[in-house]
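Shown next, in structure tokens, is the structure this report addresses.
What you are looking at is a predicted structure, and each value in this text was computed from that prediction instead of being measured. Chain letters run A, B, ... following the sequence lines, proteins first, then strands; residues in each count from 1.
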Amino acid sequence: MSDYRPQAIESKWQQAWTDARAFEVSEDAARPKFYCLEMFAYPSGHAHVGHVRNYIIGDVVARMKRMRGFNVLHPFGWDAFGLPAENAAIKDGIHPQTSTFANIAHMKGQLKRLGISYAWEREIATCQPEYYKWNQWLFLKMFERNLAYRKRSTVNWCPSCQTVLANEQVVDGACWRCGSAVLQRELEQWFLRITAYAEELLAGTERLHQWPDKVLTMQRNWIGRSAGVRVRFPLVPLDREAVAGPDASPAPADIEIFTTRVDTIYGATFVLLSPEHEMVEHFARGATSPSELLARVDRFRAQDRTARLTGEIEKEGFDTGRQAINPFTGQNIPIWIANFVLAEYGTGAIMAVPAHDQRDFEFARKYGLAVKVVIQPPSGDRLEDDTMEAAYVGDGRVVESAEFTGLASTAAIGRMSEAAERRGIGRRTVQYRLKDWGISRQRYWGTPIPILYCDRCGVVPVPPEDLPVLLPRVATFTGRGDSPLAHVAEFLNTTCPRCGGAAQRETDTMDTFFDSSWYFYRFCDPRNDELPFHPATVAYWAPVDFYSGGVEHAILHLIYSRFFTRVFRDLGMVHHDEPFARLLTQGMVLKAGAVMSKSKGNVVDPDDMINRYGADALRVYVMFVAPPEKEVEWTDAGLEGSFRFLNRLWRIVDGVCETIGGDGIPAPDQERLSGAERALRRKTHETIRRVTLDLDPRVHLNTAVSALMELVNELYVFCDGAGCLRAMVRTDAESVGTLERIETVTVLKEAVESLVLLLSPFAPHMAEELWQRLGHAGGIVSAGWPAFDEHVARHEEIVVPVQVNGRVRARLRVPAEASEGELRSLALADPAVQRFTQGRTVKNVVVARGKLVNVVVQ
RNA sequence: GCGAAAGUGGCGGAACUGGCAGACGCGCCGGACUUAGGAUCCGGUAGCCGAAAGGCUAUGGGGGUUCAAAUCCCCCCUUUCGCACCA
């Protein structure tokens, strides 16, 4: 008998696991595989209990699957590139390389102290050339296949910091660091053509049955498919254009718009262009006062980009003075420029139908533009152009629309689309909200993009044999200037592999989401130096069977990974479409009602908790406190409760170790058991069943822990009855020997050993220690997961509540197999029931066998 | 504004497919053991009425379906999350 000393036990077993390389695996065609993965970590320095919760969830699943005979791959690594390290370098002068590896070392220690069963032999860090070389390799493959391309695009630019800012770094139109007004600037950027897979990524969401609906909905919204028609509205030419000088570019003939509501086209009374529309410059040249027009456009363009995107801006516009012809009505309609029309969606131009679009309606009323009703609602209230107070956006009957008049608006969409195509003025298209992914970052701490610019040959990819393009060790970080790499002459200047002439390297680095979009494949084959991974190895392990992480990655990381998986598939390297079969999004841990963060000063450091209560108690508490998906509030008292539970479990198991630990104790013989022994045995098998099913397929870790608590409580009751409790609890060794019946020992042994095995995914150190003390030489994994006997778990006698008119009035103690008729007559004969049925007529008796009887009276 | 999810004791949470609401834990109250207890073990703990037996009321609010509703349907309220001029 000894006290529970978590610190000693935990370091003992952690050392044993490390020495034995206990969690390293290799492909084994004879065993079923299980790939269990938690989202890898950004090495910020310290993991708090919020981060750690995710790793514990994954570890419980991995350990359980291992015990159930699966060949479990459970790796971990570091999303090691990224802005914070670089910003820290700017601030403190510590090189990102130095701080990143120091942070990794610390966090790895934290995870080891938690006893997470990672195959550390497979650890990767994305900032190592051995990893990012394959980012570059993949980028080149994408470049070859025209999935990576260069394009000018608008970015947020801080004139004071001289750098590009991500959208999230622009706060109310100002730079987050210095507060200067952010400008829009055009830059050449590299893009990945994720839109080529838009349709497939959308369709795939229908087959991800083991993902949370919430995430799937978010991805569908993000992709934002809308089917519609592009229609060309011819320009009404200006007289002046006919006599334009020889230097003038040819006058464009029409404006193309995109609409999902072509059924309303007869109500299109004007055209709106975005301020960025290419036609704007052309109109300016022909305008009576070009500078005035351009000045007004510039004012729109200068309006805060995020405000324009989010619609928190007053809708404004002005007339260009030009007109277009509505190709369906043949009428001339004015062309305006409006600040709310987005350049990056559709064609950057829309047909305005004020009667049937609220934004257009407000705009038309504000500026006195024509409103024309072309859909009448089915309700019968007739809409009038002049009196309507809001746009009618629903379906209805088409009116005032030539040969389409009288059609249902839904049918008119098809007919009008056909008409537009037949007349050669439009075509059906599908438009996505999803945009190609801009991956260029004007930053240092990322993967160099493997491209050269040669004066003679132009854009030249780095030959694969020259990979990796190593990130040079830049000495100073000032936070000024565009890409830090542009100032490193040895890096920048090189020779063109095609012509041998002078060339310059691309100095931007990749968005770090590139790194995280395929790391789960690298884990399968982490030291391969010929390929990112061997296809056969990935074919064995992939897809990931269980993936867990925060909801904050519901869109970006998860959609990029699905995109990359399809690229690898098209390269012939993987043979599946989806990388993650099952996804669990774990809830955050709050402290004082807020998300833990260093700046708020409310972080709970797992190391503090481990020092006080041990890793096992922390693990049990975090799993017990709530279902994994839910947000939870951290409480020290709850952790203490879990610590108490482990102590209680320890005492009773350790107390009976000697009695039940010996050899030669047979399995329980059901026929010879006493009532109490049967009850314990039943509880044991019930618990095995509950924990088994709570862990797999459900991942209800909290109720699994509560089932273990119940079994421990039952053990105390049993031992109390068997007369051994006092003895054990009080260390009086002499009375331990009071267990005289061999049957008592057999059921106790079965209960205690099952308990220890079921506990092991949650509290692995304690379980290993107790298992050893119970006299087992092999570890927990070789013991395997306990099996339950449905027959033993079943109650022989059950209590059936009897209701009268839905209220419980009595309880019947009956054999489990009591028939409907028996239950019925027993219920009606019960005196407590009769009190309520006396003097009334029994109309009905509902018997749910094994569950309940309801007597309906009067 | 649109969409989704959720709302259960003092607290975290249970409740399989409609079948005893509140498992398990925290907290609190009582008892035992003790020089002592903040350790441990045992018991109690939704609210109201009642000495008790027992009864009544309760799963955000209001209606409905059903022998039976936390669970299914309708309306409303609140909270959280996501999207937000996407033509």
Side-chain angles (χ1 to χ4, degrees), chain A residues 3 212-218 220-222 224-226 228 257-261 264 268 272 274 307-313 315 338-342 344-353 356-360 362-363 393 431-435 551 554-555 620-621 624-627 629-642 644-645 647-648 651 690 693 698 700 702-710 712-713 716-717 720 725-726 729-730 799-811 832 835 843-857:
Chain A
D3 284 349
D213 286 341
K214 178 191 163 87
V215 172
L216 294 174
T217 307
M218 283 166 72
R220 289 183 195 122
N221 291 342
W222 185 259
R225 180 187 201 271
S226 49
I257 60 92
F258 173 76
T259 181
T260 55
R261 289 297 302 275
T264 64
L272 292 175
S274 72
R308 275 185 66 195
L309 279 171
T310 55
E312 289 158 2
I313 212 167
K315 294 177 182 55
N339 61 348
F340 68 90
V341 178
L342 304 175
E344 52 271 29
Y345 187 79
T347 60
I350 61 173
M351 66 174 197
V353 185
H356 306 294
D357 181 287
Q358 188 58 26
R359 296 156 297 180
D360 298 347
E362 286 165 21
F363 196 83
V393 299
Q431 196 66 42
Y432 299 95
R433 212 185 72 105
L434 179 72
K435 294 187 205 108
V551 226
I555 299 179
V620 167
Y621 168 60
F624 175 64
V625 67
E629 296 84 355
K630 258 200 88 152
E631 233 171 41
V632 293
E633 175 74 25
W634 176 267
T635 63
D636 286 0
L639 175 56
E640 265 179 69
S642 296
R644 269 206 292 272
F645 161 64
N647 272 291
R648 192 167 148 82
R651 272 192 299 276
R690 273 181 67 188
L693 298 177
R698 313 198 305 171
H700 288 199
N702 55 327
T703 51
V705 174
S706 74
L708 295 176
M709 290 173 169
E710 283 185 46
V712 169
N713 291 343
Y716 272 81
V717 170
D720 208 5
L725 182 67
R726 284 286 140 83
V729 169
R730 301 230 251 122
V799 174
V800 175
V802 182
Q803 300 179 329
V804 178
N805 285 349
R807 292 169 178 284
V808 179
R809 300 298 181 186
R811 285 162 216 283
R835 266 176 52 209
K843 277 175 62 185
N844 192 12
V845 180
V846 182
V847 180
R849 252 193 92 196
K851 282 182 185 162
L852 162 145
V853 179
N854 191 9
V855 181
V856 187
V857 295

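Applying the side chain to side chain contact (heavy atoms under 4.5 Å, CB included) rule to Leu693(A) yields the partners Arg689(A); only residues at least two apart in sequence or on another chain are considered. Ser642(A) is linked by a side chain to side chain contact (heavy atoms under 4.5 Å, CB included) to Val620(A), Tyr621(A), counting only residues two or more places apart in sequence or in another chain. Thr217(A) meets the side-chain hydrogen bond (donor to acceptor under 3.5 Å, both in side chains) test with no other residue; sequence neighbours excluded. Residues meeting the side-chain hydrogen bond (donor to acceptor under 3.5 Å, both in side chains) test with Asp360(A), sequence neighbours left out: none. Val846(A) pairs by the side chain to side chain contact (heavy atoms under 4.5 Å, CB included) definition with Asn844(A), Asn854(A), not counting sequence neighbours. Looking at residues two or more places apart in sequence or on another chain, you find a side-chain hydrogen bond (donor to acceptor under 3.5 Å, both in side chains) between Trp634(A) and Asp636(A). In this structure Glu640(A) satisfies the side chain to side chain contact (heavy atoms under 4.5 Å, CB included) test together with Tyr613(A), sequence neighbours excluded. By the side-chain hydrogen bond (donor to acceptor under 3.5 Å, both in side chains) test, Asn713(A) pairs with Arg648(A), sequence neighbours left out.
Of the C1' atoms belonging to rC73(B) and rU65(B), the separation is 7 Å, rounded to the nearest Å. Look at the P atom in both rC86(B) and rA68(B): the space between them is 48 Å, to the nearest Å. Look at the C1' atom in both rC56(B) and rA39(B): the space between them is 42 Å, to the nearest Å. A gap of 16 Å separates the P atoms of rA53(B) and rC49(B), to the nearest Å. One C1' atom belongs to rG54(B), the other to rU34(B), and the distance between them is 40 Å to the nearest Å. As rounded to the nearest Å, rA70(B) and rA51(B) have P atoms that lie 31 Å from one another. With both ends at atom P, the span from rC81(B) to rG18(B) equals 31 Å, rounded to whole Å. rA5(B) and rG12(B) have their P atoms separated by 23 Å, with the value rounded to a whole Å.
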Using a cutoff of under 3.5 Å, can you pull out all pairs of nitrogen or oxygen atoms linking the protein to nucleotides 62-73 of chain B, with atom names and distances?
| residue | atom | partner | partner atom | Å |
| --- | --- | --- | --- | --- |
| rC67(B) | O2' | Asn854(A) | ND2 | 3.1 |
| rC67(B) | O2 | Asn854(A) | ND2 | 2.9 |

Output a table of nitrogen or oxygen pairs between the protein and nucleotides 52-59 of chain B separated by less than 3.5 Å.
| residue | atom | partner | partner atom | Å |
| --- | --- | --- | --- | --- |
| rG55(B) | OP1 | Arg809(A) | NH1 | 3.2 |
| rC56(B) | OP1 | Arg809(A) | NH2 | 3.3 |
| rC56(B) | OP2 | Arg809(A) | NH1 | 3.3 |
| rU57(B) | OP2 | Arg807(A) | NH1 | 3.1 |
| rU57(B) | OP2 | Arg807(A) | NH2 | 2.5 |

Protein-nucleotides 2-12 of chain B N/O pairs under 3.5 Å:
| residue | atom | partner | partner atom | Å |
| --- | --- | --- | --- | --- |
| rG12(B) | O2' | Val625(A) | O | 2.8 |

**Item:** From CA spacing to verdict: side chain to side chain contact (heavy atoms under 4.5 Å, CB included), Phe363(A), Gln358(A)
**Value:** CA-CA 9 Å; Phe363(A) 196 83; Gln358(A) 188 58 26; over 6 Å; no
**Request:** Applying side chain to side chain contact (heavy atoms under 4.5 Å, CB included), run through Val855(A) and Arg809(A) and close with a yes or a no.
**Result:** CA-CA 10 Å; Val855(A) 181; Arg809(A) 300 298 181 186; over 6 Å; no
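Between Arg648(A) atom CZ and rC26(B) atom P there is a gap of 9 Å when expressed in whole angstrom units. Atom CD in Glu629(A) sits about 15 Å away from atom C1' in rC81(B), given to the nearest Å. Per the geometry, CD belonging to Glu710(A) stands 10 Å off C1' belonging to rA14(B), to the nearest Å. The NE2 atom of His700(A) sits 13 Å away from the C1' atom of rG13(B) (whole-angstrom rounding). Summarising the geometry, the separation between CG on Asn647(A) and C1' on rC26(B) is reported as 16 Å, rounded to the nearest angstrom. Rounding to whole angstrom units, CZ of residue Phe340(A) and P of rC86(B) are separated by 9 Å. One interatomic measurement links the two molecules: CD1 of Ile257(A) to C1' of rC86(B), which rounds to 14 Å at whole-angstrom precision. Rounded to whole Å, atom P of rA84(B) lies 12 Å from atom OH of Tyr345(A).
The two residues Phe258(A) and Ser226(A) have their closest heavy-atom pair at CZ-O, 3.9 Å. When all heavy atoms of Ala626(A) and Lys630(A) are compared, the pair lying nearest together is CB-CB, 4.4 Å. Residues Pro801(A) and Lys851(A) come closest through the heavy atom pair CD-O, 3.2 Å. Closest approach of Trp222(A) and Arg433(A) over heavy atoms only: CE3-NH2, 2.9 Å.
The side chain of Arg433(A) places an N or O atom within less than 4.0 Å of a non-bridging phosphate oxygen (OP1 or OP2) of rA84(B). Close to rA14(B), at under 4.0 Å from its OP1 or OP2, lies no side-chain N or O of Arg690(A). Within the structure, every side-chain polar atom (N or O) of Arg644(A) is placed at least 4.0 Å from both OP1 and OP2 of rC41(B). At least one side-chain nitrogen or oxygen of Tyr716(A) sits closer than 4.0 Å to the OP1 or OP2 atom of rC41(B). For rA87(B), one of the phosphate oxygens OP1 or OP2 lies less than 4.0 angstrom from a side-chain nitrogen or oxygen of Ser226(A).
Between Arg811(A) and Phe258(A), the residue anchored nearer the 5' end of RNA chain B, judged by the nucleotide with its closest heavy atom, is Arg811(A). Toward the 5′ end of RNA chain B lies the nearest nucleotide of Asn702(A), the other residue of the pair Ala848(A) and Asn702(A) mapping further downstream.
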**Message:** Dot-bracket for RNA chain B, please. Rules: Watson-Crick or G-U, both distances under 3.5 Å, ( ) within the strand, [ ] when a pair crosses earlier ones, | for another strand, . otherwise.
**Reply:** (((((((..(((......[....)))((((((.......))))))((((....))))..(((((..]....))))))))))))....
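Side chain of Arg359(A) to main chain of Ala352(A): no donor-acceptor pair is present (N/O by atom type, distance under 3.5 Å, no hydrogens or angles).
Distance from the side chain of Thr703(A) is smallest for rA15(B) among the nucleotides rC24(B), rA15(B), rG19(B).
Side-chain contact between Glu362(A) and Lys315(A) is present, with at least one heavy-atom pair separated by less than 4.5 Å.
In textbook terms, a nucleotide whose glycosidic angle is within 90° of 0 is syn, and rG9(B) is one such case.
Using a 4.0 Å heavy-atom cutoff across all strands shown, Gly346(A) reaches no nucleic acid atom at all.
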